[in-house]
2 protein chains.
Amino acid sequence: MADVFKAISDETRRAILDELIERDEQTLFELCSRLAMRHAVTSSRQAVSQHLDVLEAAGLVRREKRGRYTFHTIDTRPLAQIAERWPITEAPQ
Amino acid sequence: MADVFKAISDETRRAILDELIERDEQTLFELCSRLAMRHAVTSSRQAVSQHLDVLEAAGLVRREKRGRYTFHTIDTRPLAQIAERWPITEAPQ
DNA sequence: AGTATAAGCAAGTAACCACTTGCCTATCAA
DNA sequence: TTGATAGGCAAGTGGTTACTTGCTTATACT
(Lines give C-alpha, C1' and ligand atoms only; values in the text may rest on other atoms or scores of the structure.)
Protein backbone atom coordinates (compact mmCIF):
# COMPACT_ATOMS: atom_id res chain seq x y z
CA MET A 1 0.00 0.00 0.00
CA ALA A 2 1.03 3.59 -0.60
CA ASP A 3 0.75 4.29 3.13
CA VAL A 4 3.94 2.38 3.86
CA PHE A 5 6.02 4.56 1.58
CA LYS A 6 4.57 7.75 3.00
CA ALA A 7 5.12 6.43 6.53
CA ILE A 8 8.86 5.94 6.16
CA SER A 9 9.38 9.13 4.19
CA ASP A 10 9.59 11.18 7.39
CA GLU A 11 12.76 11.33 9.47
CA THR A 12 10.94 11.46 12.81
CA ARG A 13 8.85 8.42 11.91
CA ARG A 14 12.01 6.54 10.94
CA ALA A 15 13.46 7.44 14.34
CA ILE A 16 10.32 6.06 15.98
CA LEU A 17 10.79 2.77 14.14
CA ASP A 18 14.46 2.74 15.19
CA GLU A 19 13.47 3.29 18.78
CA LEU A 20 10.81 0.57 18.70
CA ILE A 21 13.35 -1.83 17.21
CA GLU A 22 15.59 -1.16 20.22
CA ARG A 23 12.78 -1.46 22.75
CA ASP A 24 9.31 -2.63 21.86
CA GLU A 25 6.02 -2.07 23.70
CA GLN A 26 6.57 1.55 24.63
CA THR A 27 3.97 4.07 25.67
CA LEU A 28 3.63 7.47 24.04
CA PHE A 29 5.44 9.23 26.90
CA GLU A 30 8.22 6.67 26.94
CA LEU A 31 8.68 7.10 23.21
CA CYS A 32 8.76 10.87 23.52
CA SER A 33 11.45 10.95 26.19
CA ARG A 34 13.58 8.27 24.60
CA LEU A 35 13.29 9.92 21.18
CA ALA A 36 14.48 13.18 22.70
CA MET A 37 17.37 11.59 24.57
CA ARG A 38 18.64 9.01 22.13
CA HIS A 39 17.51 10.21 18.71
CA ALA A 40 17.64 14.01 19.06
CA VAL A 41 13.94 14.28 18.24
CA THR A 42 12.38 17.39 19.74
CA SER A 43 8.81 16.89 18.59
CA SER A 44 5.93 17.40 20.99
CA ARG A 45 3.77 14.62 22.36
CA GLN A 46 1.00 15.50 19.91
CA ALA A 47 3.39 15.46 17.00
CA VAL A 48 4.70 12.02 17.96
CA SER A 49 1.14 10.80 18.41
CA GLN A 50 0.24 11.96 14.92
CA HIS A 51 3.29 10.21 13.55
CA LEU A 52 2.14 7.05 15.30
CA ASP A 53 -1.24 7.46 13.59
CA VAL A 54 0.54 7.40 10.24
CA LEU A 55 2.67 4.41 11.19
CA GLU A 56 -0.42 2.55 12.42
CA ALA A 57 -2.29 3.31 9.17
CA ALA A 58 0.67 1.81 7.31
CA GLY A 59 0.53 -1.32 9.46
CA LEU A 60 4.02 -0.68 10.78
CA VAL A 61 2.90 -0.08 14.37
CA ARG A 62 0.14 -1.66 16.39
CA ARG A 63 -1.47 -0.07 19.43
CA GLU A 64 -2.68 -1.96 22.45
CA LYS A 65 -4.50 -0.13 25.20
CA ARG A 66 -4.19 -1.44 28.76
CA GLY A 67 -5.60 0.71 31.51
CA ARG A 68 -4.49 4.23 30.99
CA TYR A 69 -1.45 3.18 28.97
CA THR A 70 -1.26 2.57 25.25
CA PHE A 71 1.62 0.34 24.21
CA HIS A 72 3.14 0.55 20.75
CA THR A 73 4.50 -2.45 18.92
CA ILE A 74 6.47 -2.48 15.70
CA ASP A 75 5.63 -4.75 12.78
CA THR A 76 8.15 -4.59 9.97
CA ARG A 77 6.35 -7.00 7.66
CA PRO A 78 4.77 -4.32 5.45
CA LEU A 79 8.29 -3.29 4.42
CA ALA A 80 8.77 -6.61 2.65
CA GLN A 81 6.74 -5.42 -0.33
CA ILE A 82 9.44 -2.86 -1.15
CA ALA A 83 12.12 -5.48 -1.75
CA GLU A 84 9.54 -7.57 -3.61
CA ARG A 85 8.51 -4.74 -5.89
CA TRP A 86 12.02 -3.70 -6.90
CA PRO A 87 14.33 -6.66 -6.35
CA ILE A 88 17.81 -5.66 -5.29
CA THR A 89 20.52 -6.75 -7.67
CA GLU A 90 24.18 -6.94 -6.68
CA ALA A 91 25.56 -5.17 -9.70
CA PRO A 92 24.07 -2.07 -11.30
CA GLN A 93 21.58 -3.08 -13.96
CA MET B 1 20.48 8.50 2.85
CA ALA B 2 17.22 10.26 3.54
CA ASP B 3 16.89 10.94 -0.18
CA VAL B 4 15.97 7.32 -0.88
CA PHE B 5 12.94 7.42 1.38
CA LYS B 6 11.76 10.70 -0.06
CA ALA B 7 12.30 9.36 -3.57
CA ILE B 8 9.97 6.38 -3.21
CA SER B 9 7.35 8.32 -1.27
CA ASP B 10 5.78 9.59 -4.48
CA GLU B 11 3.42 7.45 -6.55
CA THR B 12 4.65 8.79 -9.89
CA ARG B 13 8.26 8.10 -8.97
CA ARG B 14 7.32 4.56 -7.95
CA ALA B 15 5.66 4.13 -11.36
CA ILE B 16 8.87 5.33 -13.00
CA LEU B 17 10.83 2.68 -11.11
CA ASP B 18 8.24 0.07 -12.13
CA GLU B 19 8.59 1.12 -15.75
CA LEU B 20 12.40 1.03 -15.63
CA ILE B 21 12.25 -2.45 -14.10
CA GLU B 22 10.19 -3.55 -17.11
CA ARG B 23 12.42 -1.82 -19.65
CA ASP B 24 15.71 -0.23 -18.75
CA GLU B 25 17.68 2.44 -20.63
CA GLN B 26 14.76 4.63 -21.62
CA THR B 27 14.87 8.23 -22.72
CA LEU B 28 12.72 10.91 -21.13
CA PHE B 29 10.23 10.87 -24.00
CA GLU B 30 10.02 7.09 -23.99
CA LEU B 31 9.36 7.13 -20.27
CA CYS B 32 6.67 9.77 -20.63
CA SER B 33 4.72 7.91 -23.28
CA ARG B 34 5.06 4.51 -21.62
CA LEU B 35 4.07 5.95 -18.25
CA ALA B 36 0.97 7.42 -19.80
CA MET B 37 0.04 4.23 -21.64
CA ARG B 38 0.91 1.54 -19.14
CA HIS B 39 0.85 3.23 -15.74
CA ALA B 40 -1.90 5.84 -16.14
CA VAL B 41 0.55 8.64 -15.36
CA THR B 42 -0.51 11.92 -16.95
CA SER B 43 2.38 14.10 -15.80
CA SER B 44 4.08 16.43 -18.24
CA ARG B 45 7.57 15.92 -19.56
CA GLN B 46 8.95 18.50 -17.17
CA ALA B 47 7.25 16.86 -14.22
CA VAL B 48 8.74 13.49 -15.13
CA SER B 49 12.13 15.11 -15.60
CA GLN B 50 11.94 16.62 -12.12
CA HIS B 51 10.99 13.24 -10.69
CA LEU B 52 14.03 11.76 -12.40
CA ASP B 53 16.14 14.45 -10.72
CA VAL B 54 14.90 13.21 -7.35
CA LEU B 55 15.48 9.58 -8.25
CA GLU B 56 18.97 10.40 -9.48
CA ALA B 57 19.78 12.28 -6.26
CA ALA B 58 18.71 9.17 -4.35
CA GLY B 59 21.00 7.01 -6.45
CA LEU B 60 18.06 5.00 -7.76
CA VAL B 61 18.45 6.16 -11.36
CA ARG B 62 21.54 6.93 -13.37
CA ARG B 63 21.61 9.15 -16.44
CA GLU B 64 23.81 8.61 -19.40
CA LYS B 65 23.86 11.14 -22.19
CA ARG B 66 24.59 9.95 -25.72
CA GLY B 67 24.13 12.43 -28.50
CA ARG B 68 20.84 14.17 -28.02
CA TYR B 69 19.39 11.34 -26.01
CA THR B 70 19.66 10.81 -22.27
CA PHE B 71 19.13 7.23 -21.18
CA HIS B 72 17.88 6.36 -17.74
CA THR B 73 19.00 3.28 -15.86
CA ILE B 74 17.60 1.93 -12.61
CA ASP B 75 19.79 0.93 -9.69
CA THR B 76 17.87 -0.68 -6.86
CA ARG B 77 20.83 -1.10 -4.52
CA PRO B 78 20.07 1.95 -2.36
CA LEU B 79 16.84 0.20 -1.34
CA ALA B 80 18.81 -2.48 0.47
CA GLN B 81 19.39 -0.19 3.43
CA ILE B 82 15.68 -0.28 4.23
CA ALA B 83 15.63 -4.01 4.86
CA GLU B 84 18.92 -3.69 6.73
CA ARG B 85 17.67 -0.93 8.99
CA TRP B 86 14.44 -2.65 10.02
CA PRO B 87 14.87 -6.37 9.48
CA ILE B 88 11.69 -8.11 8.44
CA THR B 89 10.53 -10.78 10.85
CA GLU B 90 8.08 -13.48 9.85
CA ALA B 91 5.79 -13.15 12.86
CA PRO B 92 4.66 -9.86 14.37
CA GLN B 93 7.13 -8.75 17.02
C1' DA C 1 21.90 27.18 -43.05
C1' DG C 2 17.50 26.08 -41.35
C1' DT C 3 14.21 23.16 -39.03
C1' DA C 4 12.78 19.60 -35.94
C1' DT C 5 13.54 16.81 -32.01
C1' DA C 6 15.29 15.89 -27.16
C1' DA C 7 16.01 17.89 -23.10
C1' DG C 8 17.43 21.50 -19.48
C1' DC C 9 16.41 25.81 -16.68
C1' DA C 10 13.75 28.67 -13.72
C1' DA C 11 9.95 31.12 -11.71
C1' DG C 12 5.23 30.88 -10.07
C1' DT C 13 1.25 28.25 -7.97
C1' DA C 14 -1.55 25.13 -5.44
C1' DA C 15 -1.92 21.30 -2.56
C1' DC C 16 -0.11 18.67 1.01
C1' DC C 17 1.93 17.76 5.46
C1' DA C 18 4.29 18.28 9.91
C1' DC C 19 3.70 20.83 13.77
C1' DT C 20 1.58 23.76 17.24
C1' DT C 21 -2.06 25.27 20.28
C1' DG C 22 -5.87 24.64 23.16
C1' DC C 23 -9.13 21.89 25.07
C1' DC C 24 -11.24 17.47 26.40
C1' DT C 25 -11.49 12.43 28.14
C1' DA C 26 -10.05 8.49 30.83
C1' DT C 27 -7.61 5.98 34.34
C1' DC C 28 -5.40 5.71 38.78
C1' DA C 29 -3.84 7.20 43.42
C1' DA C 30 -4.41 9.74 47.83
C1' DT D 1 -13.73 13.22 45.28
C1' DT D 2 -9.92 15.67 44.05
C1' DG D 3 -5.70 15.89 41.70
C1' DA D 4 -2.33 13.94 38.69
C1' DT D 5 -0.99 11.26 34.86
C1' DA D 6 -1.66 9.31 30.03
C1' DG D 7 -3.62 10.22 26.03
C1' DG D 8 -7.16 11.90 22.34
C1' DC D 9 -9.41 15.53 19.26
C1' DA D 10 -9.47 19.29 16.17
C1' DA D 11 -8.50 23.70 14.05
C1' DG D 12 -4.96 26.75 12.41
C1' DT D 13 -0.23 27.74 10.38
C1' DG D 14 4.11 27.57 7.94
C1' DG D 15 7.11 25.12 5.07
C1' DT D 16 7.69 21.72 1.61
C1' DT D 17 6.86 19.84 -2.88
C1' DA D 18 4.68 18.41 -7.20
C1' DC D 19 3.27 20.59 -11.13
C1' DT D 20 2.76 24.05 -14.74
C1' DT D 21 4.33 27.58 -17.90
C1' DG D 22 7.57 29.73 -20.76
C1' DC D 23 11.99 30.05 -22.45
C1' DT D 24 16.56 28.31 -23.80
C1' DT D 25 20.15 24.94 -25.29
C1' DA D 26 21.91 21.12 -27.89
C1' DT D 27 21.96 17.55 -31.31
C1' DA D 28 20.55 15.64 -35.70
C1' DC D 29 18.51 15.70 -40.23
C1' DT D 30 17.59 17.76 -44.96
Side-chain angles (χ1 to χ4, degrees), chain A residues 1-20 23-37 39-58 60-74, chain B residues 1-20 23-37 39-58 60-74:
Chain A
M1 318 297 168
D3 291 341
V4 175
F5 299 101
K6 199 185 68 180
I8 61 170
S9 71
D10 182 83
E11 174 60 45
T12 301
R13 285 195 289 268
R14 293 194 294 270
I16 292 175
L17 293 181
D18 289 340
E19 179 53 39
L20 286 176
R23 174 193 272 239
D24 214 1
E25 295 263 325
Q26 293 193 56
T27 68
L28 178 56
F29 273 82
E30 268 182 289
L31 270 171
C32 285
S33 60
R34 288 176 64 100
L35 283 169
M37 303 229 232
H39 300 267
V41 172
T42 59
S43 303
S44 69
R45 175 182 62 85
Q46 285 84 349
V48 173
S49 177
Q50 285 168 6
H51 283 307
L52 288 167
D53 290 341
V54 177
L55 290 168
E56 188 183 28
L60 290 167
V61 161
R62 286 194 312 281
R63 281 176 162 133
E64 190 181 344
K65 184 151 187 169
R66 295 184 225 135
R68 76 176 143 167
Y69 300 101
T70 301
F71 297 94
H72 298 84
T73 310
I74 190 172
Chain B
M1 327 285 179
D3 291 342
V4 175
F5 299 101
K6 199 186 68 181
I8 61 172
S9 70
D10 182 84
E11 173 61 45
T12 301
R13 285 194 290 268
R14 292 194 295 271
I16 291 175
L17 293 180
D18 288 339
E19 178 54 38
L20 286 177
R23 172 193 274 239
D24 213 2
E25 297 261 324
Q26 293 194 57
T27 67
L28 177 57
F29 272 82
E30 268 182 289
L31 269 171
C32 284
S33 60
R34 289 176 64 100
L35 283 169
M37 303 229 230
H39 301 266
V41 171
T42 59
S43 303
S44 69
R45 176 181 62 85
Q46 286 83 349
V48 173
S49 177
Q50 286 166 8
H51 283 306
L52 288 167
D53 289 340
V54 176
L55 291 168
E56 187 183 29
L60 289 167
V61 161
R62 286 193 313 281
R63 283 176 159 133
E64 191 181 344
K65 181 147 189 171
R66 296 186 223 133
R68 78 177 143 165
Y69 300 101
T70 300
F71 297 93
H72 299 82
T73 310
I74 190 171

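Labels below follow one simple rule: chain letters A, B, ... track the order of the sequence lines, proteins then strands, and each chain is numbered from 1.
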Separation between [atom1] of [X] and [atom2] of [Y], rounded to the nearest 0.5 Å:
X     : Y     : atom1 : atom2 : answer
B/E19 : B/H72 : CD    : NE2   : 12.5 Å
B/L28 : B/S33 : CG    : OG    : 10.0 Å
A/D24 : A/I74 : CG    : CD1   : 7.0 Å
B/L20 : B/L55 : CG    : CG    : 8.0 Å

Identify all pairs in which a protein N or O lies below 3.5 Å from an N or O of nucleotides 27-30 of chain D, and state each distance.
residue, atom, partner, partner atom, Å
D/dT27, O3', B/R68, N, 3.4
D/dA28, O4', B/R68, NE, 3.4

Please report the distance, rounded to the nearest Å, between [atom1] in [X] and [atom2] in [N].
X     : N      : atom1 : atom2 : answer
B/D53 : D/dT17 : CG    : P     : 14 Å
B/I16 : D/dA18 : CD1   : C1'   : 12 Å
A/L52 : D/dA6  : CG    : P     : 16 Å

Identify each donor-acceptor pair in which a side-chain atom of residues 42-50 of chain A lies under 3.5 Å from a protein atom, sequence neighbours left out, and give them as a table.
residue, atom, partner, partner atom, Å
A/S44, OG, A/A47, N, 3.2

Task: Residues touching DNA chain D, which here means a heavy atom under 4.0 Å, drawn from residues 40-51 of chain B - done: B/S43, B/S44, B/Q46, B/A47, B/Q50, B/H51
TODO: Kindly calculate the angle separating the two end axes of the helix from C/dA1-D/dT30 to C/dA30-D/dT1, each obtained from five base pairs, and round it to 10 degrees.
DONE: 20°
TODO: Just do the side chain to side chain contact (heavy atoms under 4.5 Å, CB included) check on B/L17 and B/V61 with the steps written out, would you?
DONE: CA-CA 8 Å; B/L17 293 180; B/V61 161; 4.3 Å; yes
Task: Residues within residues 4-14 of chain A bordering DNA chain C, heavy-atom distance below 4.0 Å - done: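 Residues of residues 4-14 of chain A that come under 4.0 Å of DNA chain C are, in numerical order, A/K6, A/D10, A/T12, A/R13.
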Anything under 3.5 Å between a donor and an acceptor, one on a side chain of residues 64-71 of chain A, the other on a protein residue two or more places apart or in another chain? List them.
residue, atom, partner, partner atom, Å
A/E64, OE2, A/R66, NE, 3.3
A/R66, NH2, A/E25, OE1, 2.8

Open item on the list: Using the side-chain contact (heavy atoms from CB on, under 4.5 Å) criterion, which residues pair with A/A15? Sequence neighbours excluded.
Closed with: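 With sequence neighbours excluded, A/A15 shows a side-chain contact (heavy atoms from CB on, under 4.5 Å) to A/L35, A/H39, A/V41, given in chain and number order.
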- [ ] Just grab all the side-chain hydrogen bond (donor to acceptor under 3.5 Å, both in side chains) pairs involving residues 1-14 of chain B, residues at least two apart or on different chains.
- [x]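 Of all non-adjacent pairs touching residues 1-14 of chain B, those that pass side-chain hydrogen bond (donor to acceptor under 3.5 Å, both in side chains) are B/E11-B/R14, B/R13-B/H51.
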Task: chain A footprint on DNA chain C, 5' to 3' - any atom under 4.0 Å from a heavy atom - done: C/dC17 to C/dC28
TODO: Would you please name every residue forming a side-chain hydrogen bond (donor to acceptor under 3.5 Å, both in side chains) with B/D53, sequence neighbours left out?
DONE: B/R63
